[in-house]
Amino acid sequence: MNIVIMGAQGTGKGTVAGLLKGDLNIPHISTGEIFRKNIKEETELGKIATKYADEGKLVPDEVTNEMVKNRLEEKDCNNGFILDGYPRNLIQAEKLDEILADKGKKVDMVIYLTTPTNEIVERVMARRECPKCKRVYNMVLNKPKTGEICDDCGVELIKRADDTEEKLKTRLDIFFKETKPVIDFYNKKGIVREEEISLSINRLAIDVAKDIIKDVK
Ligand code: AMP
């Protein structure tokens with residue numbers, strides 16, 4: 001199954017995708033994570049991406065599209081994938097259709113996660129990540145057992161460089177201006193499953209993931 005998971009920053013895309021990945025046995029491909037890895041390793045791709053990612057802006061489409069095309073050609077995507085963070089605008093959405101059509105494939109399901117903006121800001125500010133295994137914690141909702149140390153690796157957690165209030169604002173603006181139209185694009189195809197994740201309705205990422213797994217299996 002070829003899944004695209006969409007939603008503004010901090011809605012829980014990574015958590016839901018991580019839970020689905022294990023159960024559906026397909027890879028979770030986070031374009032943000034691929035960029036962060038390349039930036040850290042100072043690769044050619046990382047050198048291009050860093051000036052955009054540091055500002056919370058989108059990396060140019062040609063660069064991102066090529067990276068995704070190459071990733072989807074890897075063997076582990078043969079039985080499906082969960083794309084997280086791509087497509088981010090209509091040009092990318094059309095490109096994804098083209099990449100998949102060339103292989104006789106298509107996007108089967110789009111999971112669109114929504115969360116009230118006040119909760120998004122709180123969640124992103126409390127977000128921490130393990131620099132080693134990439135596990136994501138939340139210092140309010142999903143704390144590690146000790147201080148700010150990864151339960152699995154024992155290393156100190158970090159805050160993402162773009163998780164500041166100022167950069168979050170830029171990223172949310174881009175989401176509502178450029179990425180929201182992609183949801184309409186998929187809505188017209190009738191493949192969007194919209195799910196709210198919010199403390200106010202007591203529905204967390206794990207609840208959403210469980211329901212989706214039950215329905216698609
Ligand atoms: P994310 O972890 O999805 O918030 O992505 C972090 C950063 O990586 C973004 O702010 C962009 O700079 C870059 N990025 C991730 N996905 C894309 C994409 N589909 N198109 C352009 N830039 C992206």
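Whatever order the structure lists ligands and atoms in, that order sets their numbers, starting from 1. Keep in mind that this is a model prediction, so the values were computed, not measured. Values below: all heavy atoms of this structure, side chains included; hydrogens, waters and symmetry mates excluded.
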- Hey, looking at atom 1 (P) of ligand 1, which of Lys13, Lys57, Lys51, Arg88 has the closest heavy atom? Arg88
- Note on the structure: atom 4 (O) of ligand 1 has as its nearest protein heavy atom Arg160 NH2, 3.2 Å
- Ignoring angles and geometry beyond distance, decide whether Tyr86 reaches within less than 3.5 Å of ligand 1 through its nitrogen or oxygen atoms. no
- Message: Any side-chain to backbone donor/acceptor pair from Lys37 onto Gly46? Under 3.5 Å, distance only.
- Response: no
- Task: Name the closest protein heavy atom to atom 20 (N) of ligand 1, giving the residue it belongs to and the distance to 0.1 Å.
- Result: Gln92 NE2, 3.0 Å
- Do any nitrogen or oxygen atoms of Thr31 come within less than 3.5 Å of a nitrogen or oxygen of ligand 1? yes
- Task: Looking only at protein heavy atoms, identify the closest one to atom 6 (C) of ligand 1 and say how far it is in Å.
- Result: Arg36 NH1, 3.6 Å
- Less than 4.0 Å between a side-chain N and a carboxylate O, is that true for Lys214 and Asp211? yes
- Task: For ligand 1, indicate whether the residue Met67 contacts it via side chain, backbone, both or neither (heavy-atom separation under 4.0 Å).
- Result: neither
- Nearest non-hydrogen protein atom, atom 8 (O) of ligand 1: Phe35 CD1, 3.7 Å
- Task: Can you pull out the closest protein heavy atom to atom 19 (N) of ligand 1? Residue, atom name and distance to 0.1 Å, please.
- Result: Gly85 O, 2.8 Å
- Message: Nearest 0.5 Å, please: how far is CG in Leu24 from NZ in Lys217?
- Response: 6.5 Å
- Main-chain N/O of Thr11 paired with Arg123 side-chain donor or acceptor, under 3.5 Å: yes
- For the pair Lys57 and Asp162, find out whether any cationic side-chain nitrogen is under 4.0 Å from an anionic carboxylate oxygen. no
- Pair Glu66 + Lys69, salt bridge at N-O below 4.0 Å: no
- Message: Any atom of ligand 1 sitting under 4.0 Å from a heavy atom of Glu33?
- Response: no
- Note on the structure: With Arg203 as partner, the option from Glu196, Glu195, Glu119 fulfilling salt bridge (Lys or Arg N to Asp or Glu O under 4.0 Å) is Glu195
- Is it true that Lys169 and Glu166 make a salt bridge, defined as a side-chain N closer than 4.0 Å to a carboxylate O? no
- For ligand 1, indicate whether the residue Val59 contacts it via side chain, backbone, both or neither (heavy-atom separation under 4.0 Å). both
